[in-house]
Asks: 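Input: one structure, supplied below.
The chain is numbered in sequence order, starting from 1.
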Amino acid sequence: VEAWLKAHNNNDVRKALSYIDDDARYYMANQPPMTGKEAIRRIEAWDASIKSNLKYTDMKEQGRTVLVGKIIESNNWFRLAGIEKIVYEPGTRIVVEDGKIVEFRMAPMTENSMIQLDKMFRAFFEWINIHKPDKMQDLMVDGQVDFSEANSELWFNLLDEWQRGKLTTQPSSPQSD
């Protein structure tokens, strides 16, 4: 698990995937489960494209399972969206068999992190529906946000434009005499 985490944080998709079983399963709250190395490759490629960095606290082995305390995630996508980091509750479970990760079962985000993301998505999607409605379909696949490597540049460009627009529409602070 530590070797996978190092490869993930170095944005080395090939190396990170070398620690994943071909039939691995990945479970995230409020997302459909993903099965197989190819599905997990998509997540790894997205995370590499946004320079994801994960910090695991209090990892404990219990047989084949590694229990993780909190996970703190930072990346360029969050930063551009105005979020410093996202924190996941303790309880993520990573199952290892024969030296390969066969299952990721992510704990949910903290309430504060969920509120930050919800606030950001609401404001961003409101902006995109007004200013770039034709791009909304490019960001979604089957009603789910498309976090794919191929889409990361579009996300970065739109988030950057959204943030720049927020800066130009905010009232300037009064000058002191």
Side-chain angles (χ1 to χ4, degrees), residues 1-110 113-114 116-117 120-121 124 138-142 144-160 163:
V1 172
E2 289 176 0
W4 167 82
L5 184 60
K6 182 178 179 182
H8 175 91
N9 286 340
N10 286 332
N11 305 296
D12 187 338
V13 175
R14 186 186 54 74
K15 183 123 178 143
L17 288 174
S18 73
Y19 300 107
I20 306 294
D21 186 77
D22 288 344
D23 298 317
R25 296 167 311 281
Y26 191 98
Y27 301 93
M28 281 187 77
N30 304 317
Q31 296 289 322
M34 290 168 263
T35 302
K37 191 181 276 192
E38 180 56 27
I40 294 171
R41 186 202 65 74
R42 287 187 51 145
I43 294 171
E44 284 293 340
W46 163 262
D47 282 352
S49 72
I50 64 172
K51 308 294 186 232
S52 173
N53 185 277
L54 301 173
K55 291 182 182 159
Y56 284 11
T57 64
D58 304 320
M59 288 197 303
K60 295 178 183 144
E61 287 187 41
Q62 285 187 343
R64 301 175 313 131
T65 303
V66 175
L67 300 174
V68 181
K70 287 183 180 177
I71 298 174
I72 301 166
E73 181 177 8
S74 59
N75 61 54
N76 291 343
W77 190 91
F78 288 153
R79 278 187 280 286
L80 194 53
I83 299 171
E84 179 185 341
K85 64 185 175 191
I86 292 296
V87 180
Y88 295 84
E89 297 283 358
T92 292
R93 298 174 181 278
I94 303 170
V95 180
V96 178
E97 290 179 4
D98 299 323
K100 299 272 188 174
I101 296 171
V102 296
E103 183 175 288
F104 288 94
R105 201 168 281 272
M106 297 292 295
M109 290 180 201
T110 63
S113 291
M114 290 291 292
Q116 286 182 74
L117 273 177
M120 183 283 300
F121 273 119
F124 176 72
D138 297 333
L139 297 177
M140 307 291 282
V141 172
D142 297 327
Q144 296 283 324
V145 176
D146 179 18
F147 295 117
S148 65
E149 179 184 23
N151 233 11
S152 65
E153 186 175 346
L154 176 61
W155 272 105
F156 279 121
N157 290 338
L158 290 171
L159 285 169
D160 181 57
Q163 291 293 8

Asks: Once side-chain contact (heavy atoms from CB on, under 4.5 Å) is applied, do any residues pair with Met140, and if so which ones, sequence neighbours excluded?
Replies: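 Phe125, Met136, Val145.
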Asks: Can you name the residues that form a side-chain contact (heavy atoms from CB on, under 4.5 Å) with Asn11, not counting sequence neighbours?
Replies: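 Listed in chain order: Ala48, Lys51.
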Asks: For Asn53, what residues pass the side-chain contact (heavy atoms from CB on, under 4.5 Å) criterion, not counting sequence neighbours?
Replies: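 Counting only residues at least two positions away or on another chain, Asn53 forms a side-chain contact (heavy atoms from CB on, under 4.5 Å) with Asn9, Lys55, Ser74.
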Asks: How would you list, by chain and number, every residue that makes a salt bridge (Lys or Arg N to Asp or Glu O under 4.0 Å) with Asp146, sequence neighbours excluded?
Replies: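 Asp146 satisfies salt bridge (Lys or Arg N to Asp or Glu O under 4.0 Å) with Arg42 once adjacent residues are dropped.
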Asks: Just jot down the side chain to side chain donor-acceptor pair (under 3.5 Å) partners of Asn76, sequence neighbours excluded, or say none.
Replies: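 Scan of Asn76 (side chain to side chain donor-acceptor pair (under 3.5 Å), adjacent residues dropped) gives Arg79.
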Asks: List for me each residue that meets side chain to side chain donor-acceptor pair (under 3.5 Å) alongside Trp4, sequence neighbours excluded, and say none if there are none.
Replies: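 Trp4 satisfies side chain to side chain donor-acceptor pair (under 3.5 Å) with Glu44 only.
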Asks: How would you list, by chain and number, every residue that makes a salt bridge (Lys or Arg N to Asp or Glu O under 4.0 Å) with Asp160, sequence neighbours excluded?
Replies: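 Salt bridge (Lys or Arg N to Asp or Glu O under 4.0 Å) list for Asp160, sorted by chain: Arg164.
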Asks: Under the side-chain contact (heavy atoms from CB on, under 4.5 Å) test, which residues partner Asp22, sequence neighbours left out?
Replies: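 In terms of side-chain contact (heavy atoms from CB on, under 4.5 Å), with neighbours along the sequence ignored, Asp22 is linked to Lys37.
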Asks: Report all side-chain donor-acceptor pairs from residues 60-69 shorter than 3.5 Å, counting only partners two or more places apart or in another chain.
Replies:
unit_1, atom_1, unit_2, atom_2, d
Arg64, NH1, Glu97, OE2, 2.0

Asks: Considering non-hydrogen atoms only, spot the tightest contact between Ala16 and Ala7 and give its length.
Replies: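 Taking every non-hydrogen atom into account, N-CB, 3.5 Å.
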Asks: To the nearest 0.5 angstrom, please state how far the CD1 atom of Ile94 sits from the OH atom of Tyr19.
Replies: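 Atom-to-atom, Ile94:CD1 and Tyr19:OH are 14.0 Å apart.
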Asks: Who passes salt bridge (Lys or Arg N to Asp or Glu O under 4.0 Å) against Glu38, sequence neighbours left out?
Replies: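 So Glu38 forms a salt bridge (Lys or Arg N to Asp or Glu O under 4.0 Å) with Arg41.
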Asks: Name all residues meeting the side chain to side chain donor-acceptor pair (under 3.5 Å) criterion together with Tyr88; count only those two or more places apart in sequence or in a different chain, and write none if there are none.
Replies: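 For Tyr88 the side chain to side chain donor-acceptor pair (under 3.5 Å) partners, ignoring immediate neighbours, are Glu73.
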Asks: Which donor-acceptor pairs under 3.5 Å do the side chains of residues 101-110 make with protein atoms, sequence neighbours left out?
Replies:
unit_1, atom_1, unit_2, atom_2, d
Glu103, OE1, Arg25, NE, 3.4
Glu103, OE1, Arg25, NH2, 3.0
Glu103, OE2, Arg105, NE, 3.2
Thr110, OG1, Val87, O, 3.4
Thr110, OG1, Ser113, N, 3.2
Thr110, OG1, Ser113, OG, 3.1

